[in-house]
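Written below as structure tokens is the structure these notes are about.
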There are 4 protein chains.
Amino acid sequence: MLVPARPIGTLPDAWRACVGTGRTREVLHADYRDSLEVVQDEIGFGATRAHGILHDDMGLVQPYDAAGFAGVRYGFAYVDLVIDTWLEAGLDPFLELGFMPAALASGDQTVFWWKGNVTPPRDHDAWAALVRALLRHLVDRYGIERVRTWPVEVWNEPNLETFWQGADEAAYHRLYAATARAVKDVDADIQVGGPAISPGSDDWLPRFADFVARDGAPCDFVSKHAYTTGPAQHVPFGVHQTLRPPQHLLEQFATPRDLLAGTALADLPVHITEFSSSYRPDNPIHDTAYQAAYLAPVLARGGEHVASFSYWTLCDVFEEVGIPTAPLHGGFGLLGHRQLRKPAFHLYSFMARLGSDVLASGEDHLVTRHADGRISALLWQPLDGSTTAERGHRVRLALPGAGSAVVVERHVDAERGNVRTAWQAMGSPLAPDHRATADLHDASAPAVRVSRVHAVDGVWHVSADLGRHGIALVEVTGSRDENPAWLTEDRLLGHADPTG
Amino acid sequence: MLVPARPIGTLPDAWRACVGTGRTREVLHADYRDSLEVVQDEIGFGATRAHGILHDDMGLVQPYDAAGFAGVRYGFAYVDLVIDTWLEAGLDPFLELGFMPAALASGDQTVFWWKGNVTPPRDHDAWAALVRALLRHLVDRYGIERVRTWPVEVWNEPNLETFWQGADEAAYHRLYAATARAVKDVDADIQVGGPAISPGSDDWLPRFADFVARDGAPCDFVSKHAYTTGPAQHVPFGVHQTLRPPQHLLEQFATPRDLLAGTALADLPVHITEFSSSYRPDNPIHDTAYQAAYLAPVLARGGEHVASFSYWTLCDVFEEVGIPTAPLHGGFGLLGHRQLRKPAFHLYSFMARLGSDVLASGEDHLVTRHADGRISALLWQPLDGSTTAERGHRVRLALPGAGSAVVVERHVDAERGNVRTAWQAMGSPLAPDHRATADLHDASAPAVRVSRVHAVDGVWHVSADLGRHGIALVEVTGSRDENPAWLTEDRLLGHADPTG
Amino acid sequence: MLVPARPIGTLPDAWRACVGTGRTREVLHADYRDSLEVVQDEIGFGATRAHGILHDDMGLVQPYDAAGFAGVRYGFAYVDLVIDTWLEAGLDPFLELGFMPAALASGDQTVFWWKGNVTPPRDHDAWAALVRALLRHLVDRYGIERVRTWPVEVWNEPNLETFWQGADEAAYHRLYAATARAVKDVDADIQVGGPAISPGSDDWLPRFADFVARDGAPCDFVSKHAYTTGPAQHVPFGVHQTLRPPQHLLEQFATPRDLLAGTALADLPVHITEFSSSYRPDNPIHDTAYQAAYLAPVLARGGEHVASFSYWTLCDVFEEVGIPTAPLHGGFGLLGHRQLRKPAFHLYSFMARLGSDVLASGEDHLVTRHADGRISALLWQPLDGSTTAERGHRVRLALPGAGSAVVVERHVDAERGNVRTAWQAMGSPLAPDHRATADLHDASAPAVRVSRVHAVDGVWHVSADLGRHGIALVEVTGSRDENPAWLTEDRLLGHADPTG
Amino acid sequence: MLVPARPIGTLPDAWRACVGTGRTREVLHADYRDSLEVVQDEIGFGATRAHGILHDDMGLVQPYDAAGFAGVRYGFAYVDLVIDTWLEAGLDPFLELGFMPAALASGDQTVFWWKGNVTPPRDHDAWAALVRALLRHLVDRYGIERVRTWPVEVWNEPNLETFWQGADEAAYHRLYAATARAVKDVDADIQVGGPAISPGSDDWLPRFADFVARDGAPCDFVSKHAYTTGPAQHVPFGVHQTLRPPQHLLEQFATPRDLLAGTALADLPVHITEFSSSYRPDNPIHDTAYQAAYLAPVLARGGEHVASFSYWTLCDVFEEVGIPTAPLHGGFGLLGHRQLRKPAFHLYSFMARLGSDVLASGEDHLVTRHADGRISALLWQPLDGSTTAERGHRVRLALPGAGSAVVVERHVDAERGNVRTAWQAMGSPLAPDHRATADLHDASAPAVRVSRVHAVDGVWHVSADLGRHGIALVEVTGSRDENPAWLTEDRLLGHADPTG
């Protein structure tokens with residue numbers, strides 16, 4: 001493929017604008033914090049979104065009644081620890097408001113192993129007071145300038161009965177309006193939005209637009225989720241699911257623009273606040289190279305449709321269906337427990353090394369250039385979600401260049417840089433010992449190859465052999481040869497001495 | 001007080017053999033891990049004991065039934081993380097077996113905000129299988145030599161109805177026997193013991209000895225708890241309680257030796273697996289200098305009675321009555337949230353700097369000498385638990401010495417090195433910002449004073465003025481004056497120049 | 001003193017724009033790097049200037065002649081390590097070009113224990129080639145945008161025979177012109193300047209302006225040094241010197257503006273590229289609280305005269321008169337060996353906590369306000385350099401405020417926060433052991449006091465008692481009292497129970 | 001090769017008992033300290049030996065004469081920093097006493113770019129006083145127990161004129177006797193020895209034994225050096241040299257035993273205080289995989305002959321022939337600048353992972369077993385020093401085993417895990433930028449392969465394909481397959497659902 005010398009566009013930051021965290025409380029886990037450090041060091045997301053900041057395990061709403069004193073105290077100890085942790089890692093919060101504190105809940109329906117309450121508030125004024133108290137505290141502690149950049153999303157997947165009692169749309173609209181107004185009571189420039197729906201319910205979007213228009217509730221962005229799997233076929237500690245083609249994700253990204261055209265929400269930013277292949281935290285696909293190659297074209301193109309699309313999730317500290325029993329268990333994370341790098345992690349770390357100018361974008365490649373002139377390309381084997389490739393894939397790049405260049409290739413595929421393949425070769429141990437864990441870390445490093453190429457007629461010809469389910473980062477940098485005339489390999493053992 | 005030159009004894013390590021951790025799961029918290037690092041760096045405990053290693057939030061017992069496969073999987077992911085964390089910090093586990101996993105429980109009575117199940121096993125064989133599986137896993141992962149040094153204690157405070165359904169003594173004996181035999185099935189040299197009773201039920205001890213003798217159940221150590229407070233007078237987010245004199249703690253330490261004399265358990269090691277002034281995690285006394293001065297004589301003398309006495313707890317990551325709402329909230333910890341050093345922390349850090357030879361031990365002092373000859377003394381104001389001292393206390397030491405010496409004093413009292421006093425001066429903020437937190441850290445450092453003393457007739461006279469509720473560490477090291485003849489302060493501004 | 005509510009000006013960053021480093025090669029020392037981390041963490045300088053980047057111990061100029069190949073290789077290994085170290089610490093280089101590489105030197109006169117060659121180049125073309133090669137390399141490695149912010153100063157104190165053979169002014173002008181043109185050959189926007197003269201030779205300035213005007217040599221800034229000591233009265237490993245009043249430093253800062261008025265250099269930035277009380281690296285004054293209080297008014301006002309004034313130096317890794325034989329030896333550094341914080345370090349760390357709005361500035365105070373409204377004041381005891389104060393100094397501030405506030409005071413004086421006083425009390429040990437070094441660190445921490453103040457008629461009355469030779473940072477922050485009604489100290493021991 | 005199940009011996013620790021450091025002062029370099037951390041983390045040497053602890057750049061001997069005071073001060077600031085650095089890294093000093101401080105030297109002959117003085121003391125009493133002062137200080141600071149484990153070696157290669165004026169044997173004997181007696185004056189149990197000769201002068205050994213016997217000078221060990229290269233053929237910034245076979249190193253190790261048989265030194269420990277292929281710090285062989293494979297049999301067998309053999313050196317912070325101009329420059333180090341791991345580093349890190357029981361030892365393998373039963377083998381391609389292998393080498397191991405096992409292979413060869421190959425592919429840049437340096441780090445990681453093997457007739461058949469100039473670590477651990485019955489790769493995309 002002949003890559004032009006002139007950029008065809010700019011790579012938007014939407015792919016790393018946000019990443020998912022499971023439960024807010026899990027941010028307090030040491031293993032999460034360790035993972036956060038790795039992820040931010042090698043990828044550098046801009047924000048993160050987590051469930052349950054209002055869940056009782058955060059200690060935010062604490063009624064008291066003793067010694068003649070009664071009232072509610074807002075306890076910010078854990079909220080502050082969570083947000084401090086994120087900010088220290090360079091992440092802003094993308095605030096999702098939920099679930100319902102027991103003291104405010106109208107019912108006792110819960111979701112997840114950790115029992116998030118999914119019922120509407122008993123008293124919308126008390127709810128609004130809580131929202132205001134939380135945001136005022138954040139403004140006091142972190143400053144208004146910062147908080148204005150933290151989007152506030154109202155609830156999570158209210159279109160599902162498991163997440164919102166009865167999937168009651170009117171009740172959601174009421175909650176949305178109360179919340180949005182409470183947010184704006186604190187500051188008119190804090191951004192609020194919704195409806196945070198799961199795939200398959202896009203019909204909520206125009207009705208949400210109608211409601212907002214009718215009600216006059218503030219709305220600064222629209223949010224939804226995107227996944228491509230079929231129904232869960234359960235096995236112990238896992239599921240299997242079919243997959244639609246990756247293009248289906250891009251189509252899901254695109255619907256808000258289409259469906260909201262002509263409404264008051266038409267020009268608002270769209271945030272995909274969760275996406276992945278599977279919506280299950282126990283599908284082994286998440287741990288494979290297949291996942292990486294399958295999602296590569298989505299990362300390459302997603303920014304054409306939305307302001308952010310947030311990988312669900314950054315690591316496997318995640319307990320919605322219980323506590324994981326194996327280091328790799330089909331969890332959502334880019335990282336497994338103890339910071340094991342999965343192939344999808346490398347996909348993101350490769351993306352993080354691309355330049356801002358796009359030179360070429362196609363079905364198996366995204367070629368970019370940096371300000372200093374070097375070229376970085378993300379390559380992948382095209383996968384359709386329903387068939388397993390039998391072998392790898394070759395990509396040939398004809399890059400604009402002069403003189404000689406260094407080519408650094410990094411490969412991850414079904415064999416290389418693949419922690420799951422190594423783990424399976426070990427016998428899939430549920431509790432690998434320290435040595436085995438260290439071996440898994442070593443085995444998860446991408447294979448690196450350094451070579452030189454010399455331009456022919458203004459072109460550097462680079463050919464990359466991707467392995468099965470492979471992705472690769474290819475970096476090409478012009479470089480002169482500084483090896484001096486007096487040094488040659490054939491004199492290494494001292495034999496010849498032409499100058500002696 | 002004239003301190004003799006010849007040691008009167010050796011300081012046993014019982015005071016730092018063990019320290020308490022709240023809930024096993026809390027070990028996964030980043031703030032706990034940060035606290036652990038500080039505590040181990042400055043104190044260096046030998047082991048730690050925590051509730052709830054078998055509680056469902058550890059994910060240990062996971063039944064499954066799907067796709068035609070059914071059974072129980074033991075999930076060690078979190079147990080391993082916990083024990084790895086301790087070992088990396090130089091702490092061994094003091095294993096407390098409890099609470100009951102839901103899959104094994106005979107009832108649904110729970111204790112604490114985090115709902116530990118306190119009912120006997122439905123099936124003692126399944127319980128024994130769990131105990132064996134846990135210990136075998138630990139042996140596989142950490143080696144048998146190590147596990148043999150990890151005491152296994154059966155349950156927690158079974159004499160209280162809140163901790164053991166009905167405070168059923170026979171049921172406890174049955175659980176104890178089943179557990180102890182399961183432990184020994186794994187290895188005969190792993191240490192097992194009980195009955196882990198709370199204060200006021202020492203009558204359980206002889207009956208426990210009887211049972212063990214009768215039943216033939218293995219028993220390697222005896223354990224109990226010690227506290228000195230009266231009933232809780234509740235206020236919101238806190239309690240007030242009266243205190244007995246600190247000597248009462250030493251008396252509680254001493255009872256097993258007395259009560260078990262003549263039984264088969266007579267010569268076993270006694271472990272006080274919890275102690276403090278108050279048994280409530282919301283009594284402000286824990287945060288005060290009073291606590292430090294009050295406990296000083298207990299730390300100084302406790303090792304004369306027992307093999308270990310374990311301060312409950314190392315830090316305020318602790319949720320038995322809910323999630324703390326303030327950085328200082330009367331929690332059990334030596335450290336508050338974010339590693340704020342309380343006066344009791346300094347008491348332990350002072351103890352950690354004492355030498356192994358005891359030169360003198362009295363009502364306000366413990367004077368020790370190190371192998372290299374320097375002298376370290378812990379001093380305190382005697383407090384009786386019922387009265388508040390109005391002013392400080394002076395201690396005069398006449399130490400054996402020759403020539404000159406450096407005296408380094410470190411003071412903590414109602415004013416100095418007192419994080420709570422500083423926090424109250426700040427207005428007791430529930431959520432101090434980063435700057436205030438940093439100021440609290442600075443304010444919690446002991447006051448340091450360096451001076452010189454010259455021996456008179458073989459004695460270094462050192463006088464230390466303790467503040468109100470004060471403790472002090474006084475370190476005296478022989479040292480010659482190396483200041484050269486040519487340097488004098490009066491020439492600092494260049495005036496005189498006798499040699500010019 | 002009544003402090004107005006409205007700012008009288010803004011505090012310029014000149015005081016921390018730059019700090020001195022001894023010898024470029026010393027940047028490679030681990031102890032320097034450790035010191036750098038402490039200094040940047042607590043102070044945060046913008047740049048640093050060091051001698052000897054061209055000295056042979058940096059390995060920059062390496063002639064070769066072997067096996068029939070001859071030439072010069074520029075070796076950037078150490079230069080890169082040095083600059084990487086600075087940049088990682090957040091410091092930009094303020095490049096001082098010197099001393100002369102042996103391969104280029106016209107003579108063999110050297111300066112310092114480490115023998116910097118102070119003779120002019122044998123060949124000014126070879127010199128210019130070296131300057132170009134160095135700057136081109138820096139541009140290649142760090143980017144042109146960055147290098148344009150790195151001032152290039154030509155040589156050091158050419159007005160002294162010890163630093164420039166014969167103090168030959170014409171030879172310096174020739175070197176300057178060659179260097180400045182070589183710099184601009186690389187990029188017209190890299191800043192170049194001189195003449196980097198020592199105190200007492202301000203007559204060089206107008207002649208330098210004349211030369212530049214006549215010759216057309218580029219010049220972007222003017223630099224000189226400022227010290228206030230009299231002649232050195234030598235003792236072993238030290239000197240004593242008289243001191244002029246601190247105002248003399250400000251007067252030295254001001255002369256370039258006056259002397260260059262009307263010349264082509266009139267409006268250029270002035271950089272004081274070295275200043276302190278004494279110009280000797282073995283004057284004990286540097287280690288005292290006297291130094292801190294003496295320099296406080298200079299830090300407070302220096303920015304009114306110059307673009308930067310660079311404390312000479314950041315730490316005691318410094319070998320001009322040989323290798324230090326004691327942890328405190330009168331070295332220039334803010335930090336002694338092993339990061340011992342001297343009083344002058346605290347002066348800088350206090351400055352670093354001031355706000356940007358100046359509310360009041362006087363003979364013993366600099367009162368500032370931050371964007372968030374809190375007030376920070378630097379206070380000091382006025383000292384004249386010739387007399388030793390017998391006692392401390394009280395400062396009373398009447399600050400604009402409402403409601404209650406927290407007052408946090410930090411004190412450093414002849415007793416408190418004074419590492420030298422503690423070290424002398426130890427007997428001035430030349431090689432303190434690890435424990436003594438740790439004690440010195442503890443003893444060097446400023447004394448902290450937290451209190452509350454309540455506004456009376458819109459004024460917070462704050463009175464600070466400075467110790468002898470004292471400086472203080474006083475921070476006043478409005479704060480409501482959150483201590484709840486149900487908590488009172490008199491119930492700590494459980495006695496009263498009015499609510500029970 | 002059929003490996004027996006029963007050990008044939010134990011692997012002595014001689015290979016890692018000691019490692020070389022260039023110059024004592026270089027220990028103060030940050031890059032050295034960073035390298036030390038890497039080396040100790042992955043290899044864990046026991047001690048290190050460096051030149052020049054007495055050289056003037058350590059500031060140890062400082063005469064003074066001012067203001068009527070004259071004398072010598074011993075300055076321990078840098079010596080203490082050096083030894084603290086080593087001890088913190090877990091390394092003991094192997095003290096080499098040299099070179100001559102200027103204040104004590106009888107002449108001005110120097111060696112190296114950094115000008116170590118190689119002349120005898122002007123006054124042997126002053127020399128002895130210095131030796132005593134140094135050792136007494138070490139005893140005071142680090143304790144006598146520790147210092148007794150630190151061997152003291154007298155001078156370096158006195159048999160060479162460059163290192164000892166005139167290679168004067170009698171003068172060396174005199175120095176030796178004075179030094180040894182001074183050492184024993186401090187403590188009779190501090191170990192002292194010599195004569196630290198370079199290869200080719202073994203005739204010094206019996207004469208040294210004679211002298212010691214005759215003179216009665218104390219001697220606790222015998223030391224010498226071993227290298228296998230021919231004469232240096234110089235090119236700019238480098239040399240080429242011929243190599244003898246690696247067995248020649250083992251022969252050099254063996255000579256002291258033979259030559260000293262029957263003398264008083266016959267049973268003393270022998271320390272090879274320096275060894276490598278080449279004795280030049282600019283021979284590119286040091287950076288190659290050839291070096292690793294060539295030295296592998298020496299590491300495997302060296303401990304059969306001597307108590308220690310110390311690789312010269314741990315890293316490339318080394319300046320004997322000047323300051324290196326490239327990240328890889330043929331330096332002695334296991335690590336290049338900025339911690340680049342050379343193949344020889346991996347040889348040592350592979351050795352560090354071997355077990356203590358030797359199962360088999362041959363021309364291309366060393367097979368060991370750990371206490372826990374797993375097997376670790378070091379494999380290498382046999383190389384003779386004079387020929388370059390054209391291709392790799394296969395090793396087949398038949399290991400005693402039952403059931404299945406995990407096989408983890410790590411390979412380093414002319415292509416894999418080879419920083420030099422990658423650097424050359426980059427064009428041998430003298431000053432690689434940060435990105436290139438990071439790529440070199442990635443490229444220097446050994447290739448990892450994880451597989452499973454199933455025992456056949458009690459044997460695990462493992463075949464390892466070494467690359468050209470290859471070494472490999474093969475670790476084989478018995479392991480059952482925990483992959484559950486319900487998980488199969490063919491259901492990853494959800495197609496089949498036999499259990500649904």
Side-chain angles (χ1 to χ4, degrees), chain B residues 229-230 233 235-238 240-243 284-285 288 290 374 385-388 404 406-408 410 421-430 435-436 439-440 442-443 445-452 475 477 479-484 486-487 489-497 499-500, chain C residues 229-230 233-238 240-243 284-285 288 290 374 385-388 404 406-408 410 421-430 435-436 439-440 442-443 445-452 475 477 479-484 486-487 490-497 499-500:
Chain B
T229 38
Q233 305 158 29
V235 294
F237 308 103
H240 293 124
Q241 295 171 285
T242 55
L243 276 184
I285 193 77
T288 64
Y290 199 97
R374 73 204 147 83
S386 62
T387 54
T388 293
S404 59
V406 181
V407 180
V408 182
R410 284 175 168 79
T421 299
W423 180 65
Q424 290 177 319
M426 284 180 183
S428 307
L430 294 180
R435 214 166 26 76
D439 287 343
L440 289 173
D442 287 351
V448 182
R449 189 170 166 270
V450 183
S451 58
R452 289 186 79 76
E475 299 176 293
T477 314
S479 128
R480 63 189 177 85
D481 192 336
E482 299 186 45
N483 198 47
W486 55 75
L487 275 181
E489 273 328 81
D490 59 9
R491 293 194 55 203
L492 201 59
L493 298 183
H495 297 318
D497 185 11
T499 66
Chain C
T229 39
Q233 305 158 26
H234 292 277
V235 296
F237 307 103
H240 293 123
Q241 296 171 283
T242 55
L243 276 183
I285 194 77
T288 64
Y290 199 97
R374 74 202 146 83
S386 62
T387 54
T388 294
S404 58
V406 181
V407 180
V408 182
R410 285 176 166 79
T421 298
W423 179 65
Q424 289 177 319
M426 285 180 181
S428 307
L430 294 179
R435 215 166 26 77
D439 287 343
L440 290 174
D442 287 352
V448 181
R449 189 171 166 269
V450 183
S451 58
R452 289 185 80 73
E475 299 175 292
T477 314
S479 128
R480 64 191 177 87
D481 192 337
E482 299 186 44
N483 199 49
W486 55 75
L487 274 181
D490 59 11
R491 292 195 56 202
L492 200 61
L493 299 182
H495 298 316
D497 186 10
T499 66

Fill in the blank from the handout: In terms of heavy-atom pairs under 4.5 Å with chain B, the winner among Ser428(C), Ala445(C), Ala436(C), Pro284(C) is Ser428(C)

Fill in the blank from the handout: So, the part of Arg374(B) with a heavy atom under 4.5 Å from chain C: the answer is side chain

Completion exercise
Among Ala422(C), Ser451(C), Pro236(C), the residue with the most heavy-atom pairs under 4.5 Å to chain B is Pro236(C)

Practice task
Select, from Ala443(C), Pro429(C), Ser479(C), the one with the greatest count of heavy-atom pairs under 4.5 Å involving chain B.
Solution key: Pro429(C)

Handout entry: Selection from Leu243(C), Val448(C), Asp442(C) maximising heavy-atom pairs under 4.5 Å formed with chain B
Key = Asp442(C)

Problem - Option in Asp439(C), Thr387(C), Thr477(C) with maximal non-hydrogen atom pairs under 4.5 Å from chain B - result: Asp439(C)

Fill in the blank from the handout: Most contact-rich option vs chain C, by heavy-atom pairs under 4.5 angstrom, among Ile285(B), Leu487(B), Thr388(B), Leu492(B), is Leu492(B)

Problem - Side chain His495(B), main chain Ser386(C), donor-acceptor under 3.5 Å - result: yes

Fill in the blank from the handout: Rounded to the nearest 0.5 Å, the CZ atom of Arg491(C) sits from the OG1 atom of Thr242(B) at a distance of 11.5 Å

Practice task
Evaluate the side-chain proximity of Val408(B) to Arg435(C): yes if any heavy-atom separation is below 4.5 Å, no if none is.
Solution key: no

Exercise for the section: Name the member of Thr229(C), Leu440(C), Leu430(C), Val407(C) that forms the most heavy-atom pairs with chain B at distances under 4.5 Å. Expected result: Leu430(C)

Fill in the blank from the handout: So CZ of Arg480(B) and CE of Met426(C): to nearest 0.5 Å the spacing works out to 15.0 Å

Problem - Spacing of NE2 belonging to His234(C) relative to CH2 belonging to Trp486(B), to within rounding of 0.5 Å - result: 14.5 Å

Practice task
Determine yes or no for a side-chain-to-main-chain donor-acceptor pair under 3.5 angstrom, with His240(B) supplying the side chain and Asp490(C) the backbone.
Solution key: no

